[in-house]
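Every number for a ligand or one of its atoms is a count from 1 in the order of the listing.
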Amino acid sequence: MTWFIAKEDLTFDTDLIKAAQMIKEGKTVIFPTETVYGLGANALDQDAALKIYKAKGRPSDNPLIVHITRYEQLDVLVARQTDQAKRLIHAFWPGPLTLVFEKNEAVPKGVTGGLDTVAIRMPAHPVAHALIEAAGVPVAAPSANLSGQPSPTRAQHVIRDMANRVDVIITDGDVFHGIESTVLDVTGDVPVILRPGSVTKEMIESLVGQVLVDPSLLVKLGQVAPKSPGMKYKHYAPLADVYVVEEGTPLETMATLKGRFQDQGKKVLMVVCGNPHESREDVLVFDDATSLGQSLFDVLRQADDKGYDVVLFRAVPLEGVGLAVMNRLIKAADHKIIKA
Ligand code: TXA
Ligand code: MG
């Protein structure tokens, strides 16, 4: 049985301390972060980490992110911190940036999917911070979705995916960013983005100069071996068939495409960014890539709930958060891109 704790509960603060104690004792606890909800367990306890994989139905070679609240915790977890890593930490922690370091022995290989590196982040969400701080141990936490589902960004997503699969679920409404943290490998001289997120390539570049993007991010899966094990799995796979329509395609052209699917008896949703004068009744319009990112996983889940067979997303430019949004969209679409 899962114990549910919600931010609006009168006993929230004392319940949070109890949940933190449960983490220390090897139990699994779902909690909100500023990116997506996470499914946490004691990162120094291999058996606890295994419970995470079981609850998610996740392949055990896909490493977990370790969440901390204090800079000193790095000394226990990490073998080496470059000056560059220190500058990134200073600029972006707490926040949606995960750094991949060479690991220390203290980190069980069951947490890192057998790798000699460990991914670490310091979340900014007050509930995540309070929980991890009270647990007094680093907390391994992947996104709290069932493997293959979009990451959870609202309380109802975690309750639906994870009720009775974990010991505790802590909810605090909708998350802030809606897409998972940027994963940056800082083990070499030049940092490499393994997964784009809200801390953008441009933001990292302006701090440290050259930044590489893992070539497997935007090309067809399988053509380039991904360095981040999680990137090789099909993610964010809704039941509906998702298509990315080329950037700049006019809405009328998209509507023609929609018509073709409708002729095959399919229910179609169109999603675009920008251009308020383009509004039509049958299209979801977001202001920009950031606001699309915040709602993207919810849109995908709702498309299934409402029985859409096809979702047409218009591509956004590959700059700023747009890179992260396009990375998730292309995965959701399983690389089906329409050049209209
Ligand atoms: O925003 C987030 O990062 C959320 C919240 C809960 O913090 N967590 C999250 O975790 O998205 P997860 O497990 O769903 O994604 C972690 C990603 C995966 O693609 C994984 O392969 C990669 O980080 N990763 C973890 N450790 C790694 C390592 N040592 N080397 C390379 N990639 C790693
Ligand atoms: Mg995930």
Side-chain angles (χ1 to χ4, degrees), residues 29-41 43 49 52-53 55-69 77-79 92-104 107-125 127-129 131-132 138-153 157-158 161-162 170 175-188 191-199 214 216-217 221 225-237 293 297 324 327-328 331-332:
V29 178
I30 287 176
F31 58 95
T33 85
E34 71 277 27
T35 56
V36 300
Y37 275 86
L39 195 179
I52 295 178
Y53 289 100
K56 276 181 67 90
R58 176 179 177 127
S60 61
D61 68 339
N62 193 355
L64 308 174
I65 293 176
V66 177
H67 297 66
I68 60 173
T69 51
L77 302 170
V78 162
F92 299 114
W93 281 8
L97 176 68
T98 296
L99 297 174
V100 174
F101 299 93
E102 285 159 32
K103 80 172 194 69
N104 259 346
V107 183
K109 284 218 169 170
V111 167
T112 65
L115 297 175
D116 293 324
T117 52
V118 60
I120 302 185
R121 107 174 174 90
M122 186 182 282
H125 194 291
V127 173
H129 179 90
L131 179 77
I132 299 163
V139 173
S143 50
N145 51 289
L146 283 174
S147 201
Q149 284 293 312
S151 291
T153 57
H157 299 164
V158 276
D161 275 16
M162 288 296 172
I170 304 172
V175 299
F176 183 71
H177 293 290
I179 42 177
E180 310 88 340
S181 63
T182 307
V183 179
L184 187 70
D185 183 341
V186 289
T187 57
V192 186
I193 295 179
L194 304 181
R195 180 177 72 182
S198 301
V199 172
D214 187 60
S216 70
L217 283 187
L221 292 182
K227 217 176 156 194
S228 171
M231 302 312 271
K232 73 176 181 242
Y233 300 106
K234 189 177 168 188
H235 263 201
Y236 325 118
F297 294 142
N327 169 256
R328 307 317 192 264
K331 285 168 83 178

Q) Short list, please: which atoms of ligand 1 are under 4.0 Å from a heavy atom of I65? A) 3 (O), 8 (N), 9 (C), 10 (O), 16 (C)
(Q) Any atom of ligand 1 sitting under 4.0 Å from a heavy atom of R58? (A) yes
Q: Run down the list S147, S143, A119 and name the one with the heavy atom closest to atom 12 (P) of ligand 1.
A: S143
Q. Is it true that a side-chain atom of T33 and a backbone atom of T35 form a donor plus acceptor pair closer than 3.5 Å?
A. yes
Q. Should the proximity of E102 to ligand 1, defined as any heavy atom under 4.0 Å, be assigned to the side chain, the backbone, both, or neither?
A. neither
**Q.** Side chain, backbone, both or neither: the part of L194 lying under 4.0 Å from ligand 1 by heavy atom
**A.** side chain
Q | Main-chain N/O of V78 paired with N104 side-chain donor or acceptor, under 3.5 Å | A | yes
Q: Go through ligand 1 atom by atom and flag the ones less than 4.0 Å from a non-hydrogen atom of T117.
A: 28 (C), 29 (N), 30 (N)
Q) Can you list the ligand 1 atoms lying under 4.0 Å from a non-hydrogen atom of L115? A) 28 (C), 29 (N), 30 (N)
Q) Out of V175, L64, N62, I120, whose heavy atom is nearest to atom 18 (C) of ligand 1? A) N62
Q: Pull out every atom of ligand 1 sitting under 4.0 Å from any heavy atom of H67, numbered as shown with elements.
A: 5 (C), 6 (C), 7 (O)
(Q) Need the ligand 1 atom indices (1-based, order shown) with element for anything under 4.0 Å from a heavy-atom of V183. (A) 23 (O)
Q | Pairwise distance CG(D161) to CG(L146) - rounded to 0.5 angstrom | A | 4.0 Å
Q: Record the part of S181 in heavy-atom contact with ligand 1 below 4.0 Å; permitted values are side chain, backbone, both and neither.
A: both
Q) How long is the span from the OG1 atom in T187 to the CZ atom in F101, to the nearest 0.5 Å? A) 10.0 Å
Q) Would you call R121-E34 a salt bridge at under 4.0 Å N-O? A) yes
(Q) E180 vs S143, test: side chain to side chain donor-acceptor pair (under 3.5 Å). Steps then yes/no. (A) CA-CA 8 Å; E180 310 88 340; S143 50; 5.0 Å; no
Q: Could you tell me whether the side chain of H177 and the main chain of V175 form a donor-acceptor pair under 3.5 Å?
A: no
Q: Could you tell me which non-hydrogen atom of L77 sits nearest to which non-hydrogen atom of V118, and how far apart they are?
A: O-CG1, 3.9 Å
Q. Would you say A141 touches ligand 1, if touching means a heavy atom closer than 4.0 Å?
A. yes
**Q.** Test side chain to side chain contact (heavy atoms under 4.5 Å, CB included) applied to T182 and F92, step by step
**A.** CA-CA 11 Å; T182 307; F92 299 114; over 6 Å; no
Q.
For a quick test of reading the model, state the closest non-hydrogen atom pair linking P191 to V186 and the distance between them.
A. CB-CG1, 4.3 Å
Q.
So, regarding K56 and ligand 1 (criterion: nitrogen or oxygen to nitrogen or oxygen, under 3.5 Å), is there a contact or not?
A. no
(Q) Just checking: S151, one of its N/O/S atoms, less than 2.8 Å away from the Mg ion (ligand 2), yes or no? (A) no
Q. Which ligand 1 atoms are under 4.0 Å away from a heavy-atom of T35?
A. 1 (O), 2 (C), 4 (C), 5 (C)
Q.
Please list, in number order, the atoms of ligand 1 under 4.0 Å from a heavy atom of G38.
A. 6 (C)
Q.
Quick check on contacts: which atoms of ligand 1 are under 4.0 angstrom from a heavy atom of E180?
A. 1 (O), 2 (C), 11 (O)
Q.
Looking at D116 and K109, is there a salt bridge between them, counting it only when a charged N and a carboxylate O are closer than 4.0 Å?
A. yes
